There are 2 protein chains.
Amino acid sequence: MNIVFKALNDPTRRAILEMLQSKDMTAGEIADNFDISFPSISHHLDLLKQAKLVIAEKEGQFVYYSLNTTVVDEILKWLLQFKSKKK
Amino acid sequence: MNIVFKALNDPTRRAILEMLQSKDMTAGEIADNFDISFPSISHHLDLLKQAKLVIAEKEGQFVYYSLNTTVVDEILKWLLQFKSKKK
DNA sequence: GCGATATTTAGACATTTGTCTAAATATACA
DNA sequence: TGTATATTTAGACAAATGTCTAAATATCGC
């Protein structure tokens, strides 16, 4: 859980997740949307992957990234506790 | 939104939020639950306050902290976009 | 196999973060 | 007014973070 909050605590990484909603993208396509170096984006993608928020699949020389929202459920559940049963 | 994710990205601060679910607490009561110095807890509380996740109210020499979950809705909404409409 | 393209790894560096101790501020109460 | 209690502020410091450039790795197409 720690690592998921950590992964979400960065505007670039959140923007990547939002982008991946519309379609799966290669690392390069993702990087093209930011004024940040490729290696930095690669590092962000690695963090998102560690948090299991994205899945990486190699296709030839490309690496396709896609959303994995199962871990989002955990965070949702944690947050919802604060919205339940109150006087 | 940035600051909310930042506030949530720490186990101590998340534990504080969980504690405040059962009852409002003073800064001292909160600090007693951790092996961390009072000033450090005070700093965490300040961050939570900046993120508007808690509300601080002074009563005499005590400062009572209570949950403010309105900002949680924002995060919930942001997260829910990932769980909606998918093939 | 070679050169071009795609991506990651390595290492460096400035900034941010979480923690501490010491000091400051605020309130209670006798 | 003076001392005790509650909390925050200030300043220091090590560790974590986000970024970069340079180099390494992997795959494609000729």
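Just so we're clear, the structure is a prediction, and the values are computed from it rather than from any experiment. Chain letters run A, B, ... following the sequence lines, proteins first and then strands; every chain starts at 1. Just the heavy atoms: all of them, side chains too, but no hydrogens, waters or symmetry mates, feed the values below.
- When each of A:Leu48, A:Leu67, A:Asp10 is tested with A:Ile16 by the rule side-chain contact (heavy atoms from CB on, under 4.5 Å), just one qualifies, namely A:Leu48.
- In this structure, A:Lys77 NZ and B:Leu79 CG are separated by 15.0 Å, a value rounded to the nearest 0.5 Å.
- Taking atom OH of residue B:Tyr65 and atom P of nucleotide D:dA6, one finds them 15 Å apart after rounding to whole Å.
- Counting any heavy atom pair closer than 4.0 Å across all strands shown, B:Phe34 reaches no nucleic acid atom.
- Taking a heavy-atom distance under 4.0 Å as the criterion, the stretch of DNA chain C touched by chain A extends 5' to 3' from C:dT5 to C:dT9.
- Here OG1 of B:Thr12 is found 6.0 Å from CD1 of B:Ile41. Values are rounded to the nearest 0.5 Å.
- Spacing between atom CD1 of B:Ile41 and atom C1' of D:dA6 amounts to 15 Å, rounded to whole angstrom units.
- A:Thr26 places a side-chain N or O within donor-acceptor distance of the main-chain N or O of A:Glu29, the cut-off being under 3.5 Å.
- Contacts between residues 51-60 of chain A and DNA chain C, defined by a heavy-atom separation under 4.0 Å, are absent.
- Side chain of B:Arg13 to main chain of B:Leu8: no donor-acceptor pair is present (N/O by atom type, distance under 3.5 Å, no hydrogens or angles).
- Atoms CG (B:Asp10) and P (D:dA16) sit 13 Å apart, rounded to a whole Å.
- Residues from residues 42-49 of chain B that place a heavy atom under 4.0 Å from any atom of DNA chain C, listed by number: B:His43, B:His44, B:Leu47.
- In terms of position on DNA chain D, the residue among A:Gln61 and B:Gln61 whose nearest nucleotide sits closer to the 5' end is B:Gln61.
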